[in-house]
Each structure stands twice: as C-alpha cells, then as structure tokens.
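Contents: one structure, followed by commentary.
Quick caveat, the model's predicted, so the values are computed rather than measured. The basis for the numbers below is simple: all heavy atoms, side chains too, and nothing from hydrogens, waters or symmetry mates.
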There are 2 protein chains.
Amino acid sequence: MANLTILRTYAQKDPSRISESILFRHDEATITIFDAYPKSIFHFLVLPRVDASGPFTVTDLANLHSVIYKNKEDARKLIQKLKDASEALKVDIEAEMINRYGFKWDIWTGFHGSPSMVHLHLHVLSADMCSERMKNKKHYNSFHPELGFFLDIDTVLSWFDETSLPILPSPSYEKLLKTPLSCFHCGKETSNIPTLKRHLQEEWDMKATREKPK
Amino acid sequence: MANLTILRTYAQKDPSRISESILFRHDEATITIFDAYPKSIFHFLVLPRVDASGPFTVTDLANLHSVIYKNKEDARKLIQKLKDASEALKVDIEAEMINRYGFKWDIWTGFHGSPSMVHLHLHVLSADMCSERMKNKKHYNSFHPELGFFLDIDTVLSWFDETSLPILPSPSYEKLLKTPLSCFHCGKETSNIPTLKRHLQEEWDMKATREKPK
DNA sequence: TATTCCGATAGTGAC
DNA sequence: GTCACTATCGGAATGAG
C-alpha cells in the first residue's frame with residue numbers, strides 16, 4: 001500500500017478502475033486523489049497522467065527535475081495543466097469548507113523540494129496542518145510556506161520565465177526539514193510537536209470564531 | 001522516593017526505624033539495604049552509618065572521593081568495614097542461591113566510578129544481570145566487571161597501599177558507559193538491550209543446567 | 001522528503 | 001552515573017505480482 005511507486009501506478013491506471021475512496025476526479029491530463037495521509041483538514045494530490053502519445057514517458061514524470069530538464073516548454077504546459085486542475089479543486093474545497101465549517105481559509109498548492117515517492121505530485125491542502133496524520137517535524141516543515149522546502153506552484157511556473165532552471169533536488173533541502181518548529185500563522189517557536197499541534201488547533205479555532213459570524 | 005539523598009537519610013536513621021522491606025541488616029558501622037531497583041537477581045547496598053563520634057561527617061561520606069581525601073587511614077578502615085559487611089552478606093546470598101535455585105554463582109562487590117546518588121554505597125549483586133529493572137546501556141555498563149566503571153572492592157582497597165590515590169570521579173567514566181554492549185560471560189557484542197537481555201537469560205539458564213546436578 | 005515498528009538517545013522533573 | 005515520562009532521532013522493513 002504505502003510503497004514508493006504507488007502514485008505511478010495510479011497515474012498509469014484507467015481512472016475508472018481506481019477506487020472512489022482514492023480518486024477524487026480526473027481530466028485528460030491529470031488525476032486528483034485524496035492524500036492517503038492528510039496533513040491538513042483537506043489534502044489532495046494532483047498527478048500528471050501517463051500518456052503514450054505525449055512528450056513525457058512514465059520515467060520522465062518521476063519528479064520535478066526529470067520533467068523540467070526533459071523539455072522546458074512541454075514542462076511549462078504540463079505544470080500549467082496541474083495548476084488548472086488544482087484551481088478547479090480549490091473551488092470544491094472552498095465549497096466544502098463553507099459547507100462543513102461555515103467559513104473558508106487559505107489553500108496551499110505546491111511541490112515538495114525533495115519528495116520520497118516517485119511520480120510528480122502537486123500537493124493541494126488547506127492551510128491549517130490540523131490532522132492526526134501530522135506527526136513529526138518533517139511533516140510540518142515540508143509544508144511550511146516560509147521555509148523553502150514547499151515550492152508554491154506559481155514560484156515553479158515563474159522559473160520558466162527565467163533563462164536558467166534550478167537543479168533539483170538541491171542537497172540543502174534536507175536541512176530545511178530540521179529547522180526549529182515555528183507557527184506559520186504567528187511565527188511562534190515551539191520545542192516539540194505536541195505543543196505545536198495544540199497551538200495550531202488554537203489558531204484554527206480562533207480563526208473559526210473570527211470568521212464564522214461573517 | 002527515588003530522590004538523590006535517600007541513601008543519606010537511611011544512613012542517618014536509627015536502623016530500627018527503617019522498614020524491613022528496605023533494611024536487610026545493620027551493625028555498628030554499616031547498614032545493608034535491598035537495592036530498590038535490583039539489576040540482578042540479588043542486589044544489595046552496604047552503606048557506612050553516620051556517626052557523630054567518628055572521623056567522618058555526613059558530607060565527608062558523600063562519595064569515594066570525599067572519603068579517601070578526608071583521611072587515608074580512616075578511609076581504609078571505613079571501606080574495610082564495608083567489605084566485612086559485604087562478606088557476611090555474601091554468605092547469606094549464597095545460602096539463598098542454593099535455597100532458591102540449587103546452585104550458587106559469582107557475586108560482585110564494588111563501587112560505581114561516578115555515582116548519581118549521594119552517600120557512599122557499596123554494591124553487592126549476583127553476577128547475572130537478569131532483572132526487569134536492568135533496562136538500559138548505562139545500567140548494564142555500570143556493572144560490567146571488565147569495563148572500569150565498576151570498581152571492585154579489592155581494587156579500591158589496594159589503592160591504599162599505593163603512594164598516591166586516584167582523583168575521583170574521573171571525567172573519562174562518562175564515556176565508559178557508552179561502550180558497546182558485550183556479554184560479561186562470553187564477550188559477545190549485541191546491538192541492543194532486548195537482545196542482550198535474552199542472551200544473558202540464556203547464559204544464566206545454561207549455567208543453571210550445568211551447575212544444578214552437582 | 002511514503003509509513004510503521006523498534007529501539008536508542010536526550011531533556012525534564014521529581015521533593 | 002537515581003527513576004520515569006515524554007519526545008526526538010535513527011535505522012530497517014515494507015508491498016505486489
């Protein structure tokens with residue numbers, strides 16, 4: 001189940017054969033699945049589908065590096081398609097935020113600088129990090145929007161307007177994950193995960209209290 | 001309960017007021033108590049009693065260093081009294097070994113190179129290290145007879161025949177406790193405590209099998 | 001940076 | 001090197017056809 005190539009498997013399958021407990025939706029170029037270990041209240045992955053008639057083989061699609069160094073213009077188009085799917089997804093997430101909680105909050109969309117699992121995957125998750133599955137420093141820091149490990153989709157797209165593309169994954173990404181824990185809302189540093197989790201829950205509860213009356 | 005001065009408290013009390021679940025016996029100069037966290041099947045502590053008319057104050061009795069640097073000849077006599085008590089104790093332990101298990105095995109008698117608890121205490125324990133309370137590397141290495149952290153009573157007594165006494169505790173004692181785990185019976189190295197504990201139990205079981213028929 | 005399991009390691013608080 | 005508690009850190013196995 002939790003093997004390192006599971007995403008590649010999904011990306012190659014006929015979407016109609018993927019369990020609806022895993023697949024959220026698909027289009028010609030992408031599939032959107034529920035993250036099996038959500039680190040926020042909402043957490044999805046958008047993957048490029050493997051297409052024999054397209055410019056990328058399944059191995060070309062392994063990660064950001066292999067995609068952008070295959071062909072810059074094809075890469076830009078592919079990543080733009082992931083972004084398009086993520087924006088459609090965002091609409092649904094926000095509707096569900098209102099539906100379930102009566103207010104909506106930020107949604108982060110981006111890639112990990114150094115992912116473990118093969119096959120390019122765009123994380124789309126609500127900005128709360130309140131989840132049972134958010135268990136350790138690597139989990140948290142890998143999504144912290146200020147740290148640099150989490151690469152926002154628009155940052156990545158802006159690379160294609162530059163003359164040179166970055167080398168990925170940079171070895172410095174490893175160290176970023178060991179950065180001391182700091183709240184992405186207020187910057188407060190916490191010495192351990194249980195304390196951080198309680199603080200994040202309080203931040204979200206406060207936000208809910210502020211936003212709901214609107 | 002497990003505070004750092006509990007032994008000093010016992011050493012100052014009227015022995016008749018110490019619970020018999022703690023006190024094993026006493027004489028004019030010493031008290032012998034059950035170690036509250038036995039690291040072997042049998043494990044006792046022999047302490048010098050605090051005696052206002054003797055050469056050592058209660059603080060002089062804090063540890064091996066403070067005792068031997070107070071007065072060499074008084075220290076030798078004091079430690080000899082601890083040894084005398086330990087030899088009487090050994091007789092009782094061996095009787096109980098026969099009584100309970102049908103054979104007897106080695107008994108170690110010595111001090112820790114760098115104890116945490118105040119008040120000089122001589123460890124007297126059976127050479128098995130088979131106990132629920134033997135939980136980590138420091139526990140094990142602190143009694144390993146070859147390592148140097150455990151100072152045999154006769155080694156300590158031999159210091160008094162030398163012209164100079166050692167400085168205690170030497171800072172190098174700390175490192176000794178981090179030495180890789182090796183079986184004191186056969187020298188076999190083990191990578192973790194659960195494995196070592198199983199091995200020690202097997203060694204003791206084998207010894208029991210060999211010795212019982214005698 | 002996939003999770004989970006096991007175990008070592010580190011810091012604390014105890015009264 | 002007192003214990004017990006909490007949490008972090010570090011390695012290894014993992015699954016599936």
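Applying the 6.0 Å contact sphere to CD of E73(A) captures more than 12 heavy atoms from other residues, nucleotides or ligands. Surrounding NZ of K83(B) are more than 12 heavy atoms belonging to other residues, nucleotides or ligands, all under 6.0 Å away.
Secondary-structure annotation of DNA chain C gives the stems C:2-14 with D:2-14, with a stem taken as at least 3 successive Watson-Crick or G-U pairs whose two distances both fall under 3.5 Å.
The interatomic distance linking I193(B) (CD1) with dA8(C) (C1') rounds to 10 Å, in whole Å. One can place CG of L45(A) at 11 Å from P of dT3(C), the figure rounded to the nearest angstrom. Nucleotide dT3(C) holds its C1' atom 10 Å from the CG atom of L4(A), rounded to whole Å. Taking atom OH of Y37(A) as the reference point, atom P of dT14(D) lies 15 Å away to the nearest angstrom. One interatomic measurement links the two molecules: NZ of K197(A) to P of dT6(D), which rounds to 17 Å at whole-angstrom precision. Rounded to whole Å, atom P of dA16(D) lies 8 Å from atom CD1 of I6(A). Rounding to whole angstrom units, NZ of residue K138(A) and C1' of dA7(D) are separated by 16 Å. Rounded to a whole Å, the CE atom of M117(A) is 8 Å from the P atom of dT3(C).
Under the 4.0 Å criterion applied to side-chain N and carboxylate O atoms, D92(B) and R25(B) are assigned as salt-bridge partners. Here K90(A) does not pair with E87(A) in a salt bridge; the nearest charged N to carboxylate O distance is not below 4.0 Å. For the pair K207(A) and D128(A), the salt-bridge criterion is not met [side-chain N within less than 4.0 Å of a carboxylate O].
Side-chain contact between K70(A) and P55(A): absent, with no pair of heavy atoms (C-beta onward) separated by less than 4.5 Å. The shortest side-chain heavy-atom distance between L23(A) and P15(A) falls under the 4.5 Å cut-off.
Across residues 127-137 of chain B, R133(B), K135(B), N136(B) each have a non-hydrogen atom less than 4.0 Å from an atom of DNA chain D (numbered order).
Within 4.0 Å (heavy atoms only), L7(A) reaches no atom of the nucleic acid at all. K39(B) comes within contact range of the sugar-phosphate backbone alone, with a heavy-atom separation under 4.0 Å but no base atom that close. Residue Y173(A) is classed as having no contact, given no heavy-atom separation below 4.0 Å to the nucleic acid. Among the heavy atoms of the strands lying under 4.0 Å from H121(A) are primed sugar atoms or P, OP1, OP2 only; no base atom is included. When heavy atoms are screened at a 4.0 angstrom cut-off, S142(B) is found touching the sugar-phosphate backbone but no base atom.
When only modelled atom types and interatomic distance are considered, T30(B) and D27(B) share a side-chain donor-acceptor pair under 3.5 Å. Side-chain polar atoms of D60(B) and T57(B) form a donor-acceptor pair below 3.5 angstrom.
Distance from the side chain of N192(A) is smallest for dT8(D) among the nucleotides dT8(D), dG7(C), dC3(D).
Of the C1' atoms belonging to dT4(C) and dG17(D), the separation is 23 Å, rounded to the nearest Å.
Nearer the 5' end of DNA chain D, as judged by each residue's closest nucleotide, is the contact made by F143(B), out of F143(B) and T5(A). With the nearest nucleotide of DNA chain D identified for both L181(A) and E174(B), E174(B) has the one nearer the 5' end.
The salt bridge (charged side-chain N to carboxylate O under 4.0 Å, His left out) pairs that include a residue from residues 184-204 of chain B number zero, where partners must be two or more places apart or lie in different chains.
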